[in-house]
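Here is the structure we will look at.
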Amino acid sequence: MVKRCTLYYEGVLQSYGKNVAFTCGLALQEDFDWLVNLPKESVMKKSNNAEIVFEEKDFEGFLRKLKERPDVEYLGEVIEHSWGQRVIRFYDLDGHIIEVGEDMKIVIRRFLASGMTMEDVSVKMDVSMVGLSKFLCG
């Protein structure tokens, strides 16, 4: 399974055999029952019951890379949430929902570059000024 996922996500991750690490810090692990102290037979595949969310600094670049993949099944087009973050959703090979959105720091910078003030951005995103500062410094 990890090999199949590695091929699917090629260019977005690093493979360490049965453990695959994404550049954002998320990892896929195969044969992990021993790690979570569960009997192997109790670890069941459950597709479509959650979504895995990533943020991408180069959202446009990610979309271009994704569009090159004919095996990607989308859950609609890119949408922009009311707080300004653009996201795309699609299924992985096992039917799990993947959401990739713009990095929030990039969203804030985009708003500021468009002429909005920090106060405007705070209202638009429904985030306090302190929260915006944390996003920008984090």
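Since this is a predicted model, take the numbers as computed values, not measurements. Only this structure's heavy atoms are used, side chains among them; waters, hydrogens and symmetry mates stay out. In this chain, residues are counted from 1 in sequence order.
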Please list, chain by chain and in numerical order, all residues satisfying side chain to side chain donor-acceptor pair (under 3.5 Å) with [X], sequence neighbours excluded.
X	answer
Glu80	none
Ser128	none
Glu68	none
Asp58	none

Taking everything shown except Glu77 itself, do over 12 heavy atoms lie less than 6.0 Å from its CD?
no
Side chain of Ser122, backbone of Met118: donor and acceptor closer than 3.5 Å?
no
Keeping the roles fixed (side chain from Lys124, backbone from Glu119), state whether a donor-acceptor pair exists under 3.5 Å.
no
Is there a path of hydrophobic side-chain contacts, each under 4.5 Å between heavy atoms, that joins [X] and [Y]?
X	Y	value
Met129	Leu112	yes
Val123	Leu136	no
Phe62	Ile79	no

At what distance, to the nearest 0.5 angstrom, does [atom1] of [X] lie from [atom2] of [Y]?
X	Y	atom1	atom2	answer
Ile98	Phe54	CD1	CZ	5.0 Å
Met104	Glu55	CE	CD	6.5 Å
Arg89	Tyr74	CZ	OH	14.5 Å

Considering only Ile, Leu, Val, Met, Phe, Trp and Tyr, and joining two whenever side-chain heavy atoms are under 4.5 Å apart, list the other residues clustered with Ile106.
none
Among residues two or more places apart or on two chains, list those pairs meeting side-chain hydrogen bond (donor to acceptor under 3.5 Å, both in side chains) that have a residue in residues 107-116.
Glu102-Arg110
Return the set of residues passing side chain to side chain contact (heavy atoms under 4.5 Å, CB included) with Val127 (not counting sequence neighbours), or none when no residue passes.
Met125, Leu132, Phe135
With sequence neighbours left out, what residues match Leu63 under side chain to side chain contact (heavy atoms under 4.5 Å, CB included)?
Phe59, Glu60, Val78, Ile88
Who passes salt bridge (charged side-chain N to carboxylate O under 4.0 Å, His left out) against Lys67, sequence neighbours left out?
none
Go through Leu75 and Tyr91 one step at a time and tell me if the side chain to side chain contact (heavy atoms under 4.5 Å, CB included) criterion holds.
CA-CA 7 Å; Leu75 277 82; Tyr91 288 104; 3.2 Å; yes
